[in-house]
Amino acid sequence: MNKTLWGWAIVAIMTIGMALPVQAASFKVGGTDFTLGGSVRLDTGWHFTDYGDVKEGAVSYDLDDDGTDDLDFEGLSDSDDFFLENPGDSRLFLGAVNGKMNAYAEIGIATEGLSTRHIYAAYDLGGGNSLLFGQTWSPVAEDSPAQVLYYDNGMQYFGDLYAGRKPQIRFEHSQDKMTLKVALQEASTEFESFGYSTEDILPALCLSMGFDVDNLTLAPSLYLQTYKLTALDDTGPYSDDIDVTTYVLALDAALKLNEATLSGELWWGQNVAAAIDIAAGGRNTDFGMPALDDNVNGQDINDVNSYGGWVQLSVPIKPGTVACGMGYQNADVEYEGEGYESDVSTWGLFANYTYPITTGFSVTPEVLYINYGDAPMKIEGGNDLGTDLFVGVHFQYDF
């Protein structure tokens, strides 16, 4: 289904949905209580793209068979486009509760097809303890700003650390105003290299603690994973094994007052992109990746540090809510030589107003500006990767 037909299909569903007197459907089968619902989303507006110094196309870095990083040009040019599209996160869900056991499944509905967003079961152990098995949100840096255009990304790639939805085993403990989450989840191995195989992959360790003190909430979290790149040959320039270790420390916080809510996130880590996608929207695909050490012919890596964060102010203005915020992230380059930047960064700004039309249905006009910064490799004529400006409206119907 093309984007125009997909957009009209979503509009039709929203129109029908607004006429319904109820939201999610609840029913009982035997001793199990079921809930069926979903969310339909549509974005429309104008997208202004400027590729900066690289007018012939977006820049990416791919590791060639010779062990060197080369620039690839995709043949893109500046554009001014109208868009009408599913942002990719419309969904349907089914929840079930039977005694101390509950289960949840959610599928995503995008233009490209269906995907599994969540599928898990959790058991209440009593005393504020529970155990979860399956795929759902990573407990690391769980909060995100309310930015909705650009595929509902919530400032991902421009300050927000998004650890994704991963298969995991998770233990939770809640007591008074404190919540502890400990998870072993499927590791990611985004950093690979020619001449090596990826082995000894341990589960990623995720840890978070949430504190609720009066109007202030704090949620520090930790992500840690490691794996080995094992050399395929025991002689020659690529004969040493390489350990790839990622760790991230994050802090989410929110101050909730009657007049407004101030929220934000800070994070810092090593080799973050080897485990978590922080690449700047595809224009700089190795943002935060480890760098091969050329001094030892690729037998080791230079660990790359990166950091970022965002801040948001949301104010209730009847009947809706205004939200405005900004995000920023930075990464060391660690490639040696005068042809590289010492560090690269991306950032963005947004402002929107979420206006409730009826129960479950809202409209959010938004302005979003994002800056991709510079390419790590300096290019003759400049290496500015350009900007994107979105001016549009996000429609959302939750049922």
Side-chain angles (χ1 to χ4, degrees), residues 1-20 23 37-51 57-58 74-93 106-117 144-158 160 162 277 279-283 319-325 327 348-372 386-399:
M1 185 182 294
N2 64 40
K3 290 184 178 180
T4 301
L5 292 177
W6 192 204
W8 283 115
I10 294 177
V11 170
I13 294 172
M14 286 180 170
T15 303
I16 296 171
M18 284 188 291
L20 297 178
Q23 298 303 110
S39 181
V40 183
R41 306 180 183 203
L42 172 70
D43 287 347
T44 187
W46 284 267
H47 175 196
F48 305 90
T49 299
D50 180 355
Y51 283 110
E74 300 174 4
L76 301 176
S77 59
D78 292 351
S79 62
D80 173 3
D81 298 323
F82 173 79
F83 63 89
L84 175 66
E85 60 192 6
N86 171 10
D89 58 350
S90 296
R91 77 285 301 263
L92 292 172
F93 71 82
E106 182 177 293
I107 60 171
I109 306 172
T111 306
E112 297 77 15
L114 303 180
S115 63
T116 300
R117 290 173 55 85
S144 294
Q147 177 260 313
V148 290
L149 294 182
Y150 192 54
Y151 306 111
D152 242 351
N153 273 341
M155 299 305 287
Q156 183 188 1
Y157 313 131
F158 306 96
D160 180 51
Y162 171 68
D277 183 10
R283 295 198 195 178
T321 302
V322 170
C324 56
L349 301 165
F350 76 94
N352 61 37
Y353 179 68
T354 300
Y355 183 88
I357 302 297
T358 187
T359 302
F361 181 55
S362 63
V363 175
T364 306
E366 180 175 270
V367 176
L368 168 67
Y369 174 85
I370 49 182
N371 189 303
Y372 295 89
T387 64
D388 277 323
L389 174 65
F390 296 83
V391 181
V393 181
H394 173 86
F395 299 89
Q396 182 168 327
Y397 176 61
D398 300 324
F399 59 93

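- Remark: side-chain polar atoms of E106 are not paired, donor with acceptor, to backbone N or O of R117 under 3.5 angstrom.
- Nearest heavy-atom pair, F158 versus G348, reported as atom, atom and distance to 0.1 Å: CB-N, 4.2 Å.
- Checking T387 against N371 by side-chain atom types alone, no donor-acceptor pair falls below 3.5 Å.
- Between D50 and F48 the shortest side-chain heavy-atom distance does not fall below 4.5 Å.
- A donor-acceptor contact shorter than 3.5 Å links the side chain of D277 to the backbone of A279.
- Side-chain contact between I357 and Y397 is absent, with no heavy atoms from C-beta onward closer than 4.5 Å.
- The NE2 atom of H47 lies 7.5 Å from the OH atom of Y150; values are rounded to the nearest 0.5 Å.
- When every heavy atom of G154 is checked against every heavy atom of D160, the shortest pair comes out as O-CB, 3.3 Å.
- The distance from the CD atom of Q396 to the OG atom of S39 is 4.0 Å, given to the nearest 0.5 Å.
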### Query
So F361 and F395, side chain to side chain contact (heavy atoms under 4.5 Å, CB included) or not? Walk me through it.
CA-CA 8 Å; F361 181 55; F395 299 89; 4.2 Å; yes
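- To the nearest 0.5 Å, atom OG1 of residue T44 and atom NE2 of residue H394 are 12.5 Å apart.
- Screening V367, D43, L368, T49 for a side-chain contact (heavy atoms from CB on, under 4.5 Å) with F390, the sole residue that qualifies is L368.
- A donor and an acceptor atom, one from each side chain of N352 and T364, are nowhere located under 3.5 Å apart.
- Rounding to the nearest 0.5 Å gives a distance of 11.5 Å between CZ of R91 and CD1 of I107.
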#### Entry: Steps toward side chain to side chain contact (heavy atoms under 4.5 Å, CB included) verdict (Y151, D89)
CA-CA 8 Å; Y151 306 111; D89 58 350; over 6 Å; no
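- Using a 4.5 Å heavy-atom threshold, the side chains of D81 and F83 count as separate.
- The shortest distance between side-chain heavy atoms of F350 and L149 does not fall below 4.5 Å.
- Put simply, the side chain of N86 gets close to the backbone of G88: a donor and an acceptor are under 3.5 Å apart.
- Within the 4.5 Å cutoff, the side chain of F399 has heavy atoms near those of the L92 side chain.
- A donor-acceptor pair under 3.5 Å links the side-chain atoms of Y353 to the main chain of G320, judged by distance alone.
- Interatomic distance, OG of S90 versus CG of D398, reported as 10.0 Å (0.5 Å rounding).
- Nearest heavy atoms, E366 versus A146: OE1-O, 4.0 Å.
- Summarising the geometry, atom OH belonging to Y372 is positioned 7.5 Å from atom OH belonging to Y51; distances are rounded to the nearest 0.5 Å.
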